[in-house]
Each structure stands twice: as structure tokens, then as C-alpha cells.
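Numbers restart at 1 for each chain; the letters A, B, ... are given by sequence-line order, proteins then strands. These numbers come from the heavy atoms of this one structure, side chains and all, not from hydrogens, waters or symmetry mates.
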Amino acid sequence: MNVPEKPALEGLEKKWMERWAAGGVYRFDRSRPRADVYSIDTPPPTVSGSLHVGHVFSYTHTDVVARFHRMRGKAVFYPMGWDDNGLPTERRVQNFYGVRCDPSLPYDPDFQPPAKPDKHAISVSRPNFIELCARLTAEDEKAFESLWKYLGLSVDWGMTYATIGRHAQKVSQLSFLRLLSKGLAYQLEAPTLWDVDFRTAVAQAELEDREQPGAYHRIAFARGVGDAAVYVETTRPELIPACVALVAHPDDERYKPLFGTEVTTPLFGVRVPIRPHELADPEKGSGIAMICTFGDVTDVVWWRALSLPVRAIIQPNGTLRPVQWGSEGWESTDVARAQEAYDQLANLSALKARTKIVELLRASGDLVGDPRPITHAVKFYEKGDRPLEIVTSRQWFIKTMMFRDALLARAREIRWHPAYMQARLENWINGLNGDWCISRQRFFGVPFPVWYPVLPNGSRDYSNPIVPGEDRLPIDPSTDAPDGYTAAQRDQPGGFSGDPDVMDTWATSSLTPQIAGGWTADDDLFARVFPMDVRPQAHDIIRTWLFSTVLRSHLEFDTLPWSNAAISGWILDPDRKKMSKSKGNVVTPMALLEEHGSDGVRYWAASGRPGADTAFDVGQMKVGRRLAIKLLNASKFVLASAEPRGDISAPIDRGLLTMVGRLVREATADVDDYNYARVLERTESLFWFFCDNYLELVKSRRYGDHGPEGAASANSALLTALSALLRLFAPFLPFVTEEVWSWWQPGSIHTSAWPAAEELFGPAGGENEDGARTLELAATVLGEIRRKKSEEQRPMKTPVARAVVQLPDSDRQLLESARADLCAVALVQDLLIETGETLTVDVQLAAPEASTQERA
RNA sequence: GGGCGGUUAGCUCAGUUGGUAGAGCACCGGCUUUACACGCCGGCUGCCACAGGUUCGAGUCCUGUACCGCCCACCA
């Protein structure tokens, strides 16, 4: 027994994070079979930034669950990944080192970035660029790791991975090649959602709607001489040169007679057909829409369904492509006029072209009235600044649509915490409208491990990709040459060309179980951890990370990647808005941990229900800190006199253990169901009852005032209860519980056994209902006496001359057994326990002493 | 437009299978009580969003409404 004189929380984080590391407390025991393993698909935080309170919140939830399962005897597989792949890192590295990536350059092994970034960015090869990304992110990762350790995450720090690391690249490429060989990955030249600033394709999952001001422009499309014009209302008049048809609903009486006829586009004189299609909404605009290639995804649907020609004008950079009117596909009834009008639009951005064409249409009289301002939702890339365009380009896809039903079944197979989050995934799957586009025209990502033969005419033969052997992975086709070719044959007729694109960041992130679990690199490990037990993550990335992980696992292994999805909510600031950096309201986590203690912050985090958005609340952290301090002091008191020990015979002692045992039983079930917040709440509640009532009731007896047997019973009960309570708290408050544990127990509390109800119920094995009732009654009577003293504004040590308790007969016997404890704690001189209908307590305090009266 | 949550004390939130409304914080009052003043004891605070329905009985179950938030949607 080694209890400090003045126990304190200060310094516990540092002390224990170091000892845990030195002792390997959280090391994964990979000798254990799958059944004994609890594996966690930890979310890899994005490294290109800093951790915020939201991270602390959700990662604490996972850690609590990890600690619980560890104490339940599982070997916990709890790795940490770093998501350093993708655009955010790319941008940061560009600015930090003053470089830009030029994938056409060869790798320079001796390249060193300038000490200070120059005004003019230096061009570097993709491998060099990736080296710089790795270098910068390594720094961030160190900072993250120390914060996580300080927070007390019980991660095995011997198992970390990075999403741009060689292993992750290998897994990404390998998985891709296997999908390719199974025909589940394919490339296609097709209209694709396109960000004109990043100049890359984006996937459906990366879209977001933003409300934008726009305007309906009422435009006349001419029919034959003498026929009334057809009026279309469009928000994108600049796409009139790309118009390939008009479309109205098949049942729309206004346009029925026109189906099959043609109209002429204003300014450009292009003859386009009027066609029927169910998707046309008679309520919108004038009820007839122009189909352009391509203004939005509906255009693509119509274009496909009606087999229309292409007249594409938006270029990858968002400007209008110069067009030679009169050439094939650009026929016009008035070529000179079309050219004259179009030349004023060519090379303008869509927005500028819109302003210009409005002028032209107004001048020509084809614009009816003024544009009518509206607000409408427009699709954006979630990281982008300008509306998405649709550009035809060659992209890689993973087949998704044909697996929708299977994926819906998977969604139902997952155990969701909370359960209602399942609807999010089903909703998303039901709304999918195309296969997953995984190629990005970016640099810092995993390259597609594919080359293409260069034909004698210099063009690439995309239909016969050259793939490397799996043992060569990872490769970078921009610098590596395929087997059987020399580097000199790159981009030469008869030679090869590397695929220039990289994978969507989710194409790698969707493989985190494979990456962390050592798929193909360490099959023994993988077999012990996969499929994993839990995916913890936030609800905003169900459609991306969760969905794509389920898809990849389904395609590769025909199984779920994990059996549980534990969804955490967001942190809301006091205005009930999501906390974010842009709002400037993010508090740095380290400052919080230092001020309130890691246990205090964890207490706040663990109070948040699964899936529930939770208010950022410093008050709760203070409460947590006080709880931790209370644990120190109460433990010190309990451990102050551990002898004599012996049979737990006193009814209230057995009652206490019954209460703790019931709590253990409930807590075990709750945390098995990921209801950690409830466990904390209930444990805390019983702990305060223990401190405020039980400890006080047995104080006198354990000092030996009522003989050695009574003291032995009290001491034994106290130690048993303390041991169990500490272990119940351990997943939540790892530092303070470990500190107290170290005073009197060998080993770490975090590798000790989760308490079992049987430990508390004693050798008899059963609950002691009478004991529990007795303790409740004694606490109630004690409360009444305290109230009386408080009402009379007298000190608690004021003696009670006489107390009369009335209660039903059955309870009377029980309370009688606690008489000595009750009289001792409340200083009752004369306690009468009588039979009554209900419990009443009449308290008569001793007369105030003379000195007290004088002072009053 | 479709879907999912939420609405309980001034604030943050519990409230298991229907059975007399709870905790913490805040506020007010009191107390040096040999584990803890980073403490202890006590007190105040509610048309449980609204309207119906089921029931002996509804915060809890059903229907509808309002507001808040989120997700999704083909946005001409």
C-alpha cells in the first residue's frame, strides 16, 4: 500500500503515458486467435492541419470501447493511421516548400527543397513531390501522436500506417488490379462531373449543393415561318450553342403537337428536335427544357436516353472551346452569323459568357423580357469554389450500380450504433446514379498502376492496358517502365505511356481494414483481425468512407469489413452550429487537456451519446476533473485502513456490494451495446452515493467503534467496492484510475479484468436484496437528519437528541440492523424505530451550546 | 420534394419494457465534518413543443402540426 499524502491529478498524464509505452500495456498480442481479438478500423485523421476538439470527442469514444474490450480479455487491435493522401496535403506542400508537381519530369534523387519557398514555384517530379508530402506530414504525425498519447488513447503505437505510405499504395494498387482482372474496374470516356479549378473529375460522393443566385432567361427558339416560337426558360443561356434538343413531358398538351418537329436555336441557327421524356417537368419554367451537352446531370440522362449527338463547348478549365462553325457537328442555317456570335464567347468562362450572350440575345430580340432572378441549388465539388461542369473525359470507374441490392443487404447486416444511422447508408445507396469514378487528374495520390501501348501513329491504346506483376507494387507509371520495355520507350511510338491519373482519396481510404490489417503483406495478421469488429466514424462520411469500405470489402472478400459501425456526432459550439475552423471558434485540444486534465476532457467526451451532436461544454470538463479528484481522495480514504479484513457480514456492506454488482451487470450489457455514456453516468451516480452516504455510514464502524468484526466487514466491503468502481471507471478516466490502482494493486488496471457481478455478490453468489434495501433506508434517514440540521442552520456535528423513524414493519427490521452505523454518523443519541404506514423521520436536535448562541 | 434525428428546469442533458417528473451546472442558504473547501449539507426551478387518439393511467405508444438540425434529390 503506497498512498500519497496529498494525491493530485497534476502530472498524471505524462507519468502514465510514458509508463504505458515502456510497459507495452497496449501492445496487440498477435498470437491470439481471431475469436479473442477485438479489432478496430480506426479512422485515420487528416494530417494536413491540426486536430480539433471534434477529434478528441470521437476518438475518446473509440478508446473507451477499446479499453472496455481489453479488460474483457480481448487482444485489442487498435492501430492508428494518418490520412496524408489527397488534395489538402498537396496544397499545403505546395505553399510550404514553394513547389509544384509536374508529373512529366523524371525523379531527381538529389533534390532538396529551398530553405525558404521562392516566389516562383519550382517544378518537381511526382516522386519528388510525394517525398516532400511524406516529409511534411511526418512532422505533423509526430505532433498528433503526442496529443493522442496525452489524451490517453490506448493505441498500439507500434502499428501505424499512412495512406500515402508504400504499403497503402501497394494495397490500393493491388486491390485495383484485382478488380480490373475481375472486370469490376473499367475505364470509360464519358461525360463526368468536373471541377474546373482543380481540373479533375469528382465523384458523386464528393458533391454538395449550394444555394446560388441565378436567373431564368426566357429564350425564343424559332419554328417554321409563320409558326409561333417555342419559349424555353434557362438559367444557363451560355449553353445555347451546345443545345442538341428540346424536351417536354410526353403528356404535356402544350407541346404534344411539336414532338418530332424541329426548332432553330437563336444566334447559332442550329436545327434541334423537340422530343418527349418523362423527366421533363411541366411545372418548371415554361415546361420545355433545352438539352445541352452538358449543363447538368439531367442533360446527361436525356442525352443518353434519346441518343442525341454531342456538341460540347465547356473545356476542362471552364472556358468555352473555340469552334469552327459549319464543320461536322456544328452545322448552322447561318454559319457566318453563328461564328460571329460564338467568337465573342469563345475562351470566356461560363459566367462571363453568360453575361455576353445575354447582350447578344437581347440585341437579336431572342431574349424575352428581363432575366428573372431566382435562387437555386447548384452542384459543387465539396472543396471547390465554382459550380461543377460536365466534361467528357476518360476515367476509371468501379462497378457499383449492379451491386446496389447486395449493398443494401450489407447495410442491414451491420450493427449500427445508434441504429437509426443505417437509414443514412440505405438512403445513399438508393440515390446512387452511377458507378464510382475513382480517377482524379491530380498528383499526390496513389497512381493507377497501368501503362498503355503507344501505337505507331503516336496515340495510346487504352483498350489494352499493360499491368505490372503484383510483386512489383507499388509502382509509379510516370517513372517506372513496364516489364519488357525500356525507359527510353516512354511516350514513343511502339513504346508505352503511363496512366497520368491518381486514385480518389476514398479509393485508398476505403481499404483501411486491408491496409491496417496487413492484407497480402502479413496474411497471418490479417486473418486474426479481419473482418474487423468495429468501424468508428462520424455520420457525415457515411456516404463516402463507410459506403466505399463496405463496397470494397464486398467486391474483394464478399463480406462486411466489420460487424459494427459506431457513429459519433459532431461538436456544436454554443450557437448550436458545427464547430469548425472557419468559424474561428475552435479551441486547441492541448490547451483543454492541460487545463482540465485528460480525464476531465474525456469525461465530457464520453458523456456524449453515440451519434448525438454534443455541445462543447467546459463545465462538463470541470465536472469530470472534480470526479477524478474525488476518486483520488475517496480512494485514499478507503485505502487508509485496509485492516482488519474479514467476512462481509453487515447488511449495509452486503447491500453496497449488491448495488455495485447490479451496476456491473448493467454496465457490461450497456457497453457491449456501445452505450458507454450510460455506463459512465450510472457509475458516477453510484460512486457519489458511495462517497456521500456509504462512506459516512461506515466511517465509525471501520475505525473499530463497534468491534473488530464490524470493522473487518466494512474494510472488506470498501476495498471490494473500490476495486470494482475503479475498473468501471478505467475506460473513461484511464489516468486517475491507473494512479489509484498503482497504490495498492500490481500491474496496470487497463489489463486487469473487467469486474464481474459475481465478485460483488460474494460466495453465496446472489444479490442481497435486504442489504440493498437497508442501505437505501439508512441513507434516506441520514438525509432527513441532515436536512433538519441544514434547515436549522446547525453544523452537521450537532447531536440529535432524539430521532423517531416510522416505517412499515418489513423495513423496520432492516433499518434496525443499521442502527449503530446510523447513530454514529448522525450523532443520534436516542433513535426510535417504530412501525408506521410510510417512512417518516422526526428529528429533534440537541440544544445549541452556549457559545454557539452567543456567536449567533 | 424524400428520409432521419431532436424539442423535458435558466443552461447541458438523462428518463430501459407506459405506473407520482430526474441529474449536473447555474442560482440561493448553511456548514472547518481528522478522504476531499478542487470539499460537505440543504433549497429553489417543469402546461415534458402543440393538437388529437389508445389506456384505469402517456414524457414514454399511435396520428397529425409547428419549429430546429442533419442526410439525400433530375437544380431546365
To the nearest Å, how far apart are A:I571 CD1 and B:U12 P?
-> 14 Å
Determine the minimum heavy-atom distance between A:R404 and A:L432, stating which atoms define it.
-> NH1-O, 3.0 Å
Nearest-0.5 Å distance that lies between atom CD in A:E684 and atom CZ in A:F732 | 10.5 Å
Presence of A:Y703 side-chain N/O under 4.0 Å of B:A35 phosphate oxygens OP1/OP2 | yes
Which part of the nucleic acid does A:R210 contact within heavy-atom distance under 4.0 Å: base, sugar-phosphate only, or nothing?
-> nothing
When only distance counts, do a donor and an acceptor, one from the side chain of A:K630 and one from the base of B:C36, lie under 3.5 Å apart?
-> yes
d(NZ, A:K788; P, B:G42) in whole Å | 15 Å
Nucleotide B:C13, atom P - distance to CE of A:M621 in whole Å | 13 Å
Can the positive tip of A:R626 be found less than 6.0 Å from the middle of the six-membered ring of A:Y603, inside 45° of the ring normal?
-> no
Validate the cation-pi geometry between A:R424 and A:W416: distance from NZ or CZ to the six-membered ring centre under 6.0 Å, angle to the ring axis within 45°.
-> no
Classify the ring geometry between A:H539 and A:W570 as parallel (under 30°), tilted (30 to 60°) or perpendicular (over 60°).
-> tilted
Identify all stems in which RNA chain B takes part, counting only runs of at least 3 consecutive pairs (Watson-Crick or G-U wobble, each distance under 3.5 Å), and give each as one range with another, ordered by first number.
-> B:1-7 with B:66-72, B:10-13 with B:22-25, B:27-31 with B:39-43, B:49-53 with B:61-65
From B:A35, B:C74, B:A76, pick the nucleotide closest to the side chain of A:T234?
-> B:A76
Could you tell me the separation between the CZ atom of A:R218 and the P atom of B:A76, rounded to a whole number of Å?
-> 15 Å
Is A:D599 salt-bridged to A:R625, going by a charged N under 4.0 Å from an acidic O?
-> no
Among the nucleotides B:A14, B:A76, B:A35, whichever has the atom closest to the side chain of A:D281 is B:A76
5' priority, RNA chain B, between A:L695 and A:E666 [closest heavy atom] = A:E666
Taking the side chain of A:Q204 as its heavy atoms from C-beta onward, which of B:A73, B:U12, B:G5 lies nearest to it?
-> B:A73
By nearest-heavy-atom nucleotide on RNA chain B, the more 5' of A:V638 and A:S607 is A:S607
Please tell me which of the listed nucleotides, B:A76, B:C41, B:A14, lies nearest to the side chain of A:R786?
-> B:C41
Quick one: label A:V623 by what it contacts on the DNA or RNA (base, sugar-phosphate, nothing), any heavy atom closer than 4.0 Å.
-> sugar-phosphate
How would you label the contact of A:R543 with the nucleic acid (heavy atoms, under 4.0 Å): base, sugar-phosphate, or nothing?
-> sugar-phosphate
Candidate nucleotides B:C25, B:C41, B:C74, ranked by approach to the side chain of A:V297 - the nearest = B:C74
Heavy atoms under 4.0 Å, any strand shown: does A:A640 hit a base, just sugar-phosphate, or nothing?
-> nothing
Minimum-distance nucleotide to A:R626 side chain [options: B:C25, B:A14, B:C70] | B:C25
Between A:R535 and A:Q537, does any side-chain donor sit less than 3.5 Å from a side-chain acceptor?
-> yes
Measure from CG on A:L9 to P on B:G39 and round the result to the nearest Å.
-> 12 Å
Side chain of A:N427: nearest nucleotide among B:C40, B:G29, B:G2?
-> B:G2
Residue A:L279, side-chain heavy atoms: nucleotide from B:A76, B:C74, B:C13 that is nearest | B:C74
Euclidean distance, atom CZ of residue A:F57 to atom C1' of B:C13 [Å, nearest integer] | 12 Å
Measure up the A:F690 and A:Y694 rings against each other and bin them: parallel (under 30°), tilted (30 to 60°), perpendicular (over 60°).
-> parallel
Look at all strands and tell whether A:N430 reaches a base, only sugar-phosphate, or nothing, counting heavy atoms closer than 4.0 Å.
-> nothing
What nucleic acid atoms does A:A280 come within less than 4.0 Å of, heavy atoms only: base, sugar-phosphate, or nothing?
-> base
Looking at every strand, decide which applies to A:F689 at a 4.0 Å heavy-atom threshold: base, sugar-phosphate, or nothing.
-> nothing
Round to a whole Å and report the spacing from CG of A:L839 to C1' of B:U20.
-> 17 Å
Gap between atoms NE2 and C1', on A:H539 and B:C72 respectively (whole Å) | 14 Å
Indicate, with a heavy-atom threshold strictly under 4.0 Å, whether A:W604 touches base, sugar-phosphate, or nothing.
-> nothing
Which is it for A:L367 and A:I219 under the side chain to side chain contact (heavy atoms under 4.5 Å, CB included) test, yes or no, and what are the steps along the way?
-> CA-CA 5 Å; A:L367 174 66; A:I219 309 288; 3.9 Å; yes
So what does A:C292 touch, heavy atoms closer than 4.0 Å: a base, only the sugar-phosphate, or nothing?
-> nothing
When we call it a touch if two heavy atoms are under 4.0 Å apart, what does A:L639 touch: a base, just sugar-phosphate, or nothing?
-> nothing
For the atom pair CE (A:M290) and CD1 (A:I240), what is the distance rounded to the nearest 0.5 Å?
-> 5.0 Å
Looking across every strand, which nucleic acid part, if any, lies under 4.0 Å from A:E791 by heavy atom: base, sugar-phosphate, or nothing?
-> nothing
Kindly point out which of B:G3, B:A35, B:G39 is positioned nearest to the side chain of A:K699?
-> B:A35
Just to confirm, is there a sub-4.0 Å distance from OP1 or OP2 of B:U33 to any side-chain nitrogen or oxygen of A:K797?
-> yes
Does a distance-only test, which skips hydrogens and angles, find a donor-acceptor pair under 3.5 Å between the side chain of A:S790 and the base of B:C41?
-> yes
Looking only at B:A76, B:C74, B:C13, the nucleotide nearest the A:H376 side chain is B:A76
